[in-house]
Amino acid sequence: MPAAAGAAAAGAAAAAGAAAAGAGAAMVVPPLLRAVIMGPPGSGKGTVSARIIKHFGMKHLSSGDLLRDNMQKKTEVGILAKSYIDQGRLIPDDIMTRLMLNELKGLDGYNWLLDGFPRTVAQAEALHKECQIDTVIDLDVPFETIKRRLTARWIHPASGRVYNLEFSPPKVQGIDDITGEPLVQRDDDKPETVTKRLQAYDAQTKPVLEYYREKGLLKSFSGTETNKIWPHIYAFLQTKLPDVSQKDAATPR
Ligand code: AMP
């Protein structure tokens, strides 16, 4: 982020702090917040992260986005990462840690939200050596709910039409409304693939959740719907940072 934009963001946070303290009171700048968000695929992590960024003006650092950016630019890390990602494997800890810690240096002095990192205890330990995490937001959504959500998507391959069995089902189950042709599921959305992804998440990240629980940093938010979980996350973060979205703060979306 350019320095000018950074100064503007810091200014906005300071102004919001002053407003929160009340007119005429001494300016209160809240302490920096360094947070991690965790949650299985399909838990609504993307939606929640976007809302956190919007309301609390935190910098968002997503390991997946960073890797995709590197792959697109064909950097050394990107070329290496592609070989792992294509096989559905995690990037080795030392590479991932170096990449993320280097990126974090550029966020010194900002509130930030890490997404997708750390994914292993070794990564969490390496991060801990470099800087103090203040809180870990854990989206605790039952696997059954996620499975239902992720496997509800069916597509008509020829047109790309997408149906969702819960929100926008086809008129006849398994059949495209327009052409009458059969609908299919993407490999990624098939129940067996979804189960595998969830099991992999469980195996890799449970120890990381435990690591943060032991440090007293884990804040779990349980539920089956993002819109019902979000107000609790919002209320929790509001105890730490002012809402800088300046819009409709009473009914955060
Ligand atoms: P994501 O978009 O977070 O699902 O990340 C896409 C892929 O990037 C993952 O499936 C992993 O192969 C890799 N990846 C992302 N973050 C990490 C990490 N912290 N450690 C190792 N591999 C990662």
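Quick note: residue numbers are just sequence positions, from 1. Computed from heavy atoms alone, side chains included, the values below leave out hydrogens, waters and symmetry copies. Just so it is clear, the structure is predicted and the values come from calculations on it, not from any experiment.
- At least one side-chain heavy atom of Leu114 sits less than 4.5 Å from a side-chain heavy atom of Leu104.
- Tyr84 and Ile79 fall into different hydrophobic clusters, where Ile, Leu, Val, Met, Phe, Trp and Tyr are joined by side-chain heavy atoms under 4.5 Å apart, directly or via other members.
- The shortest heavy-atom contact between Leu33 and Asn111 is N-OD1, 2.7 Å.
- Across Asp69, Val77, Asn70, a single residue satisfies side-chain contact (heavy atoms from CB on, under 4.5 Å) together with Lys73, and that is Asp69.
- Atoms NZ and CG, on Lys190 and Leu150 in that order, are 15.0 Å from each other to the nearest 0.5 Å.
- Between His55 and Trp230, the ring planes are tilted. Angles from 30° to 60° get that label.
- In this structure, CG in Leu99 is found 11.5 Å from CG in Asp94, a value given to the nearest 0.5 Å.
- No side-chain N or O of Thr151 forms a donor-acceptor pair with one of Asp189 less than 3.5 Å apart.
- Annotation: cation-pi pair Lys147/Phe143 absent, no NZ/CZ under 6.0 Å from the ring centroid and within 45° of its normal.
- Considering only heavy atoms from C-beta on, Tyr212 comes within 4.5 Å of Pro118 through its side chain.
- Taking each heavy atom of Glu181 and His156 in turn, the nearest pair found is OE1-NE2, 2.7 Å.
- In this structure, Ser63 OG and Met100 CE are separated by 5.0 Å, a value rounded to the nearest 0.5 Å.
- The existence of a salt bridge linking Arg148 and Glu166 is confirmed by a sub-4.0 Å separation between a basic side-chain nitrogen and an acidic carboxylate oxygen.
- Heavy atoms of other residues, nucleotides or ligands lying less than 6.0 angstrom from CD of Gln87 number more than 12.
- Residues Tyr201 and Arg119 fail the side-chain proximity criterion, which asks for heavy atoms closer than 4.5 Å.
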### Message
Show, in sequence, the C-alpha distance, side-chain angles and deciding distance for Asp140 and Ser220, and conclude whether the side-chain hydrogen bond (donor to acceptor under 3.5 Å, both in side chains) test is met.
### Response
CA-CA 6 Å; Asp140 179 26; Ser220 287; 5.5 Å; no
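- Using the six-membered ring where Trp is involved, Tyr234 and Phe56 have ring planes that are tilted, between 30° and 60° apart.
- Between the side chain of Thr193 and the backbone N or O of Asp187, at least one donor-acceptor pair lies under 3.5 Å.
- Ionic pairing of Lys45 and Asp115 is present here: one or more N-O contacts between side-chain nitrogen and carboxylate oxygen are shorter than 4.0 angstrom.
- Here the straight-line distance linking atom CE of Met38 with atom CG of Leu209 works out to 4.5 Å at 0.5 Å rounding.
- For the atom pair Cys131 SG and Asp108 CG, the distance stands at 9.0 Å (nearest 0.5 Å).
- Inter-residue side-chain proximity for Thr135 and Val36 is flagged as unmet; no heavy-atom pair is nearer than 4.5 Å.
- Nearest approach of Gly174 to Pro170, heavy atoms of both residues: N-CG, 4.1 Å.
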### Query
Step by step, would you call Phe117 with Gln123 a side chain to side chain contact (heavy atoms under 4.5 Å, CB included)?
CA-CA 7 Å; Phe117 179 90; Gln123 291 178 10; 3.2 Å; yes
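- For the pair Met58/Ile52, a side-chain contact is recorded, criterion being any heavy-atom separation below 4.5 Å from C-beta on.
- Taken together through direct or relayed side-chain contacts under 4.5 Å among Ile, Leu, Val, Met, Phe, Trp and Tyr, Phe236 and Val48 form part of one hydrophobic cluster.
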#### Entry: Step-by-step side chain to side chain contact (heavy atoms under 4.5 Å, CB included) determination, Leu61 to Trp112
CA-CA 7 Å; Leu61 182 54; Trp112 45 249; 5.8 Å; no
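- Separation of atoms NZ (Lys105) and CG (Leu101) is listed at 7.5 Å; rounding is to 0.5 Å.
- Arg153 is not listed as a side-chain neighbour of Gln185, based on a closest heavy-atom distance of 4.5 Å or more.
- A side-chain donor from one of Thr120 and Asp93 sits under 3.5 Å from a side-chain acceptor of the other.
- Dense packing is recorded around CD of Glu192, with more than 12 heavy atoms of other residues, nucleotides or ligands lying under 6.0 Å away.
- Side-chain contact check for Ile146 versus Pro41: every heavy-atom pair is 4.5 Å or farther apart.
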### Ile85/Ile91 under side chain to side chain contact (heavy atoms under 4.5 Å, CB included): CA gap, chis, key distance, verdict
CA-CA 7 Å; Ile85 291 179; Ile91 314 302; 3.9 Å; yes
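- With a 4.5 Å cut-off on side-chain heavy atoms, Glu225 and Val141 do not count as touching.
- The two residues Gly44 and Leu139 come nearest to each other via the heavy atoms C-CD1, 3.9 Å.
- A pairwise comparison of heavy atoms in Arg197 and Asp188 identifies NH1-O, 3.2 Å as the closest pair.
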### Query
Yes or no on side chain to side chain contact (heavy atoms under 4.5 Å, CB included) for Leu183 and Ile155, after CA distance, side-chain angles and deciding distance?
CA-CA 5 Å; Leu183 301 176; Ile155 56 167; over 6 Å; no
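- There is a side-chain donor-acceptor pair under 3.5 Å between Asp176 and Tyr163.
- Checked by atom type and distance alone, the side chain of Asp134 never pairs as donor or acceptor with a backbone atom of Ala35 at under 3.5 Å.
- Looking at every heavy atom in both residues, Lys171 comes nearest to Asp177 through N-OD1, 2.8 Å.
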